[in-house]
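Reckoned from all heavy atoms, side chains included, excluding hydrogens, waters and symmetry mates. We count ligands from 1, going down the list as the structure has it; atoms in each ligand are counted the same way. In this text, all values refer to a predicted model and were calculated from it rather than measured experimentally.
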Amino acid sequence: MPAEDVPGVFITVEGGDGAGKTTLARALTECLRRSGRAVRLTFEPGGTALGTHLRSLVLDPGVAMSDWDETWLFLAARASHVHEVLIPALEAGEIVLSDRYSDSTLAYQGYGRGLDLERLTALNREATQGLSPDLTLMLDIPAELGLARTRARSSQADRIGDADLAFHQRVNAGFRRLAAERPERVHMIDGRQDAAVVLGEALDVVNRWLDGRRARS
Ligand code: Z5A
């Protein structure tokens with residue numbers, strides 16, 4: 001079955017550091033499960049044994065690498081995530097919620113590091129076998145606030161999180177641009193709001209999308 005024809009529902013949660021993606025993805029999973037749906041919660045980089053190893057490598061501040069080296073590691077983690085986790089769960093008809101996916105590569109390595117966006121888009125297509133999200137919930141937050149949140153939570157050094165403020169501002173502006181270019185898929189939510197308000201907005205978007213799909217089928 002071509003990756004784009006799988007029967008489940010593929011939802012991604014995206015946004016800059018500390019935007020509240022993990023908090024939202026977990027709460028949304030609980031709500032959807034309570035309404036009787038089969039939901040797989042997963043994340044990038046990670047979600048597979050290979051992805052877990054690559055995650056610790058790519059975030060390790062003690063490991064020097066070029067911007068393209070960094071990109072290949074995220075893409076390798078994504079490729080294993082797609083064939084080991086995402087496609088099987090979608091073929092089983094589950095709702096799959098991924099905390100980060102291919103938009104993160106465009107925002108961080110494209111807009112943040114300045115790598116060529118067309119090339120990154122083509123590489124994303126190869127790594128994902130063409131699997132694109134049905135819906136993306138994008139949390140928008142000023143970089144200063146997102147970094148203050150992550151730094152209050154943990155003092156552990158992280159090769160990408162520790163990049164300077166200007167880098168994170170470019171990343172967040174990149175996410176906004178991606179959302180503006182893909183309004184049919186990407187829904188922006190103000191990440192400065194209380195977590196319960198963010199969850200309520202996300203649930204509305206997801207339920208509307210699911211109702212729309214039922215009506216279309
Ligand atoms: N990366 C990349 O460069 N290219 C790629 O292709 C991919 C990733 C896939 C690891 O990702 C890094 O990899 C990341 C991008 C890069 N950059 N860094 N570093 P990650 O997703 O594991 O790490 P992260 O972006 O730093 O996410 P995070 O720290 O897990 O933040 P978050 O998930 O958006 O937020 P959170 O964990 O839900 O919340 C952070 C804190 O804020 C926590 O204390 C919460 O309790 C609090 N919080 C959450 N929501 C709220 C609200 N609404 N109000 C107040 N406080 C809140």
Side-chain angles (χ1 to χ4, degrees), residues 12-30 41-48 50-52 54-61 63 65-82 85-86 97-115 117 120-121 123-125 127-128 133 136-165 167-172 174-175 178 189-202:
T12 57
V13 183
E14 294 276 11
D17 286 33
K21 299 172 298 300
T22 306
T23 302
L24 172 63
R26 287 184 182 155
L28 193 54
T29 299
E30 284 310 308
L41 174 60
T42 184
F43 65 100
E44 288 196 11
T48 65
L50 177 63
T52 303
L54 292 174
R55 177 188 182 88
S56 53
L57 194 61
V58 77
L59 297 182
D60 184 345
V63 179
M65 63 184 78
S66 73
D67 294 344
W68 276 109
D69 294 340
E70 175 182 288
T71 303
W72 294 118
L73 295 179
F74 283 117
L75 291 168
R78 180 157 309 130
S80 79
H81 193 217
V82 167
V85 177
L86 301 183
L97 258 179
S98 184
D99 184 347
R100 295 197 184 278
Y101 190 61
S102 46
D103 290 326
S104 280
T105 303
L106 299 179
Y108 281 84
Q109 283 63 53
Y111 289 100
R113 300 288 194 215
L115 301 185
L117 283 164
L120 290 174
T121 301
L123 291 171
N124 255 336
R125 205 174 301 119
T128 61
T136 296
L137 304 166
M138 194 172 277
L139 296 182
D140 186 34
I141 193 171
E144 296 87 336
L145 177 57
L147 293 176
R149 282 185 188 171
T150 55
R151 286 168 188 169
R153 186 191 52 189
S154 155
S155 56
Q156 209 184 336
D158 156 354
R159 217 179 47 77
I160 297 175
D162 293 346
D164 63 20
L165 180 63
F167 170 80
H168 290 283
Q169 287 170 332
R170 289 196 298 280
V171 168
N172 289 8
F175 275 124
L178 292 170
I189 298 176
D190 185 344
R192 294 170 301 182
Q193 306 176 97
D194 187 83
V197 177
V198 171
L199 173 63
E201 280 192 25

Restricting to salt bridge (charged side-chain N to carboxylate O under 4.0 Å, His left out), what partner residues turn up for Asp99, sequence neighbours left out?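 Scan of Asp99 (salt bridge (charged side-chain N to carboxylate O under 4.0 Å, His left out), adjacent residues dropped) gives none.
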Closer than 4.0 Å to some heavy atom of [X] - which atoms of ligand 1 meet that?
X	answer
Gln109	2 (C), 3 (O), 4 (N), 5 (C), 6 (O)
Ala195	53 (N)
Asp158	18 (N), 19 (N)
Gly161	18 (N), 19 (N)
Asp194	53 (N)
Ala19	34 (O)
Gly20	32 (P), 34 (O), 35 (O), 36 (P), 38 (O), 49 (C), 50 (N)

Does a side chain donor of either Ser80 or Thr48 reach within less than 3.5 Å of an acceptor in the other side chain? yes
Roughly how far, to the nearest 0.5 Å, is the [atom2] atom of [Y] from the [atom1] atom of [X]?
X	Y	atom1	atom2	answer
Asn172	Glu144	CG	CD	9.0 Å
Leu120	Phe74	CG	CZ	12.0 Å
Arg100	Thr136	CZ	OG1	12.5 Å
Leu115	Leu106	CG	CG	10.5 Å
His81	Leu50	NE2	CG	11.5 Å
Leu54	Arg78	CG	CZ	11.5 Å

Within the structure, does [X] bring an N/O atom to less than 3.5 angstrom of an N/O atom in ligand 1?
X	value
Glu44	no
Gln193	yes
Thr22	yes
Phe74	no
Pro45	no
Thr150	no

Can you report which non-hydrogen protein atom sits closest to [atom], along with the distance?
atom	result
atom 37 (O) of ligand 1	Arg153 NH1, 2.8 Å
atom 32 (P) of ligand 1	Lys21 NZ, 3.4 Å
atom 38 (O) of ligand 1	Thr23 OG1, 2.5 Å
atom 12 (C) of ligand 1	Leu59 CD2, 3.8 Å
atom 17 (N) of ligand 1	Asp17 OD1, 3.3 Å
atom 31 (O) of ligand 1	Gly18 N, 3.2 Å

Would you say the side-chain atoms of Asp67 pair up with the backbone N or O of Gln109, donor to acceptor, closer than 3.5 Å?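 Judged by distance alone, no pair lies under 3.5 Å.
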Please say whether more than 12 non-hydrogen atoms of neighbouring residues, nucleotides or ligands are located less than 6.0 Å from CZ in Arg149.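 Atom CZ in Arg149 is crowded, with more than 12 foreign heavy atoms closer than 6.0 Å.
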Please check if atom CZ in Arg192 has more than 12 non-hydrogen atoms from other residues, nucleotides or ligands closer than 6.0 Å.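 Check fails, neighbour count at 12 or below.
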With heavy atoms only and a cut-off of under 4.0 Å, state how [X] meets ligand 1: side chain, backbone, both or neither.
X	result
Arg100	side chain
Thr105	both
Arg55	side chain

Derivation and outcome, side chain to side chain donor-acceptor pair (under 3.5 Å), residues Thr121 and Asn124: CA-CA 5 Å; Thr121 301; Asn124 255 336; 5.9 Å; no
Within-shell test, [X] vs ligand 1, heavy atom, strictly < 4.0 Å:
X	value
Val58	no
Gly15	no
Arg78	yes

Among Arg159, Arg149, Arg192, Arg151, which one has a heavy atom closest to atom 41 (C) of ligand 1? Arg149
Minimum heavy-atom distance between Ala143 and Leu165, given as atom pair plus value: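 For Ala143 and Leu165, the tightest heavy-atom pair comes out as CB-CD1, 3.9 Å.
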Is the positively charged end of Arg113 above the ring of Tyr108, judged by distance under 6.0 angstrom from the centroid and angle within 45° of the axis? no
Partners meeting side chain to side chain donor-acceptor pair (under 3.5 Å) with His168 (sequence neighbours left out):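 Side chain to side chain donor-acceptor pair (under 3.5 Å) check on His168 returns nothing, list empty.
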